[in-house]
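So you know, we letter chains A, B, ... as the sequences are listed, proteins then strands, and number each from 1. Quantities reported herein were computed from a predicted structural model and do not represent experimental measurements.
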Protein chains: 2
Amino acid sequence: MVRPEETGGGSAPARGREATRARILESARELFTNEGYGAVSSRMIAAHAGVNVALINRYFGAKRGLLSEILREDGVFPGLIEGDPDTLTRRLAEHAVGRLYGEGTALQRALDHSSGDPDLQAVYEGRLKSAMLDPLSAYLGGDDAPVHASLVAAVLLGLTRVRLIEGATALRAYDRARLTGRVQALLDLCLADLEADDG
Amino acid sequence: MVRPEETGGGSAPARGREATRARILESARELFTNEGYGAVSSRMIAAHAGVNVALINRYFGAKRGLLSEILREDGVFPGLIEGDPDTLTRRLAEHAVGRLYGEGTALQRALDHSSGDPDLQAVYEGRLKSAMLDPLSAYLGGDDAPVHASLVAAVLLGLTRVRLIEGATALRAYDRARLTGRVQALLDLCLADLEADDG
DNA sequence: GGTATATGTAAACGCTGTTGACCTGTCAAA
DNA sequence: TTTGACAGGTCAACAGCGTTTACATATACC
C-alpha cells in the first residue's frame, strides 16, 4: 500500500488519510493556541487546513474530538507528580503560582483563557481523573489518598478559577515567593493526616 | 396613566411593560432552575412565557441579561459573610461541603451544573468580586486581606470545580464532619498571617 | 478493464442568539 | 372626532454554529 502523500512533490496539498488528519490537527492546534477554543469554528479550522469541513467530523467525530486528541498528545498536565515526594507540594505550588503569572505553554494559556467552554470542560472531565486524581492518589497511597488528591486538585483548580474570574490581581500583587509558600502550606495541609481530633 | 394589566381578569396574558418583563423573568428563572442555563434557549423562554422571542432582547438586551437580572435579584452568594467573625470559616466550610452534597437552592444547583457556560462565567466574573471578594476583604481587614480573600475564594471555587468535574465521589465518600473540618482548616490557613518565617 | 473502497466535496439540516421592519392598540392634542 | 405619536408586540429574517447526508472522485485490488 503506497500512500500517495509521499509521492507528490507538487504544490497541491497532500491527500490521504494520515496527511489530512495531521493537517487538520496542526491547524486546530495553531488556531486554538492563538485564539482559544470557543473562538475557533470548525469552518475556520477547515479553511486553515485547506480541507473540507466535513472531514473534521469524519476524522475526529466532532470538534470536541480535535481538542481531545490535542490534549491527549500534549498531555493535559505536565509530569509534576513524578519525582521526589518530599518536594511534591513545592512543585505543584510553583506550577500553580506560575500559571497565575501567565507561565506555561501557549496552548495551556489559551485553553485556560477559554476554559469556560462546555466542550473543554467535558474533555477535562474525562482527563482530570485519569491524569491527575488517580496518579496523585496512587502516588500518595493510604486510605485517605483519594480525599487528599481531591483536596489538592480543588486548591489547584480554584487558583486557576480565581485567575479566570478576577485576573488574580490581588494574588499577583502579593510577593510571589510568599504566595508560593502559602499555596504550598495549603497543599501540605490537604495531604496531612488529621486523626488527632477524632481518635 | 392606567395600565391595562390590572383591568383585565380574562384568560389572555396581561400586556404591558412590567407584566411582560415579569413573565419573561419568571419563565427564565423556572427554566434555568429545571434545565440549567445552556440547555435553555431564548425561544424556549419566550414560548414558556407566551411571548415573542424579540421581547427578551428588547427588555433584557440579551439572554445573558436575563441571567444577570436573576442573579442580581436572588443574590449570587448567600449572606454567609455577615455574622460572628470567629465562626466565619466554619460557616463557609459548611456551606461549601453542603454544596458537594447537592444542598443549596435549586437555582444554585442548576447553575453550578451548567457553570461551564461562557455567559455564566461572564456574569459571575462581574459579580464575584463585588459580591464575595470585596466584602470578604473588607470584613477581614488588614493589608493582606485581598490575598486572604482570594485564597478563600480559590478554595471554595475549587471545591465546586472538583464536584463539577469528577462528581466529588472521593470527597463524599469521606466522613462529612471530618471533611468539613478539613475544609475549615484550609480556610483558616488561608486567613492566617504567616509572618513568622519572614521576619 | 472492472469494481469495491477509501477519500474528498457540496449542500443542506436544525439549531442558536439577535435584529430590523412592520403592525396595533392606546393616549394626547387639535 | 380626527389626527398623530408612540410604546408594546409580532414576524421574518440574518449570520453563525456544529453536524450530516448524498454525491463525486480517485485509488487499490481482482
Side-chain angles (χ1 to χ4, degrees), chain A residues 1-8 10 12-25 27-28 31-32 35-69 114 116-120 122-123, chain B residues 1-8 10 12-25 27-28 31-32 35-69 114 116-120 122-123:
Chain A
M1 279 198 193
V2 178
R3 285 262 107 90
E5 63 247 32
E6 31 188 338
T7 68
R15 288 173 73 98
R17 184 181 184 83
E18 286 314 310
T20 304
R21 242 189 79 102
R23 205 133 37 81
I24 294 173
L25 208 52
S27 296
L31 290 174
F32 288 165
E35 318 272 354
Y37 180 77
V40 175
S41 72
S42 301
R43 285 172 178 83
M44 286 170 67
I45 298 170
H48 188 274
V51 142
N52 193 280
V53 207
L55 295 184
I56 290 179
N57 290 339
R58 174 189 290 279
Y59 288 126
F60 299 94
K63 185 191 173 193
R64 176 183 300 189
L66 265 174
L67 180 64
S68 182
E69 180 68 15
S114 56
D117 196 282
D119 269 9
L120 197 54
V123 173
Chain B
M1 280 200 193
V2 179
R3 284 264 109 89
E5 63 246 34
E6 30 188 337
T7 67
R15 291 172 73 96
R17 183 181 184 82
E18 285 314 310
T20 303
R21 241 190 81 101
R23 205 133 38 81
I24 294 172
L25 208 53
S27 296
L31 289 175
F32 289 165
E35 318 273 353
Y37 179 77
V40 175
S41 72
S42 301
R43 285 172 178 82
M44 286 169 66
I45 298 171
H48 188 274
V51 143
N52 193 281
V53 205
L55 295 184
I56 290 180
N57 290 343
R58 173 190 290 276
Y59 288 127
F60 299 95
K63 186 192 172 193
R64 175 184 301 190
L66 266 174
L67 180 65
S68 181
E69 179 70 15
S114 55
D117 195 282
D119 270 9
L120 196 54
V123 173

Letter per nucleotide, 5' to 3', of nucleotides 14-21 of chain C [B base touched, S only sugar-phosphate touched, - untouched; heavy atoms, 4.0 Å]
--BBBBB-
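Closest approach of A/M44 and A/A39 over heavy atoms only: SD-O, 3.7 Å. Across all their heavy atoms, B/N52 and B/A46 have their closest contact at C-CB, 3.9 Å. Taking every heavy atom of both residues into account, A/N57 and A/K63 meet most closely at OD1-N, 4.0 Å. Pairing each heavy atom of B/L31 with each of B/I45, the nearest pair is CD1-CA, 3.8 Å. When every heavy atom of A/A49 is checked against every heavy atom of A/R23, the shortest pair comes out as O-NH1, 2.6 Å. Scanning all heavy atoms of the two residues, the minimum distance from B/S42 to B/I56 falls at O-CD1, 3.3 Å.
Distance, A/I45 CD1 to D/dG16 C1': 15 Å, rounded to whole Å. Rounded to whole Å, atom C1' of D/dT10 lies 13 Å from atom CD1 of B/I24. One can place CD of B/E18 at 13 Å from C1' of D/dA7, the figure rounded to the nearest angstrom.
In this structure, B/F60 reaches neither bases nor backbone, as no heavy-atom distance under 4.0 Å exists between it and the strands shown.
Each end of the helix from C/dG1-D/dC30 to C/dA30-D/dT1 gets its own axis, taken as the rotation carrying the C1' atoms of four end pairs onto the next four within a five-pair window, and the two axes meet at 30° to the nearest 10 degrees.
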Using side chain to side chain contact (heavy atoms under 4.5 Å, CB included), reason through B/L25 and B/F60 one step at a time and then give a plain yes or no.
CA-CA 9 Å; B/L25 208 53; B/F60 299 95; 3.7 Å; yes
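In this view, B/R64 and B/D119 satisfy the salt bridge (charged side-chain N to carboxylate O under 4.0 Å, His left out) rule, not counting sequence neighbours.
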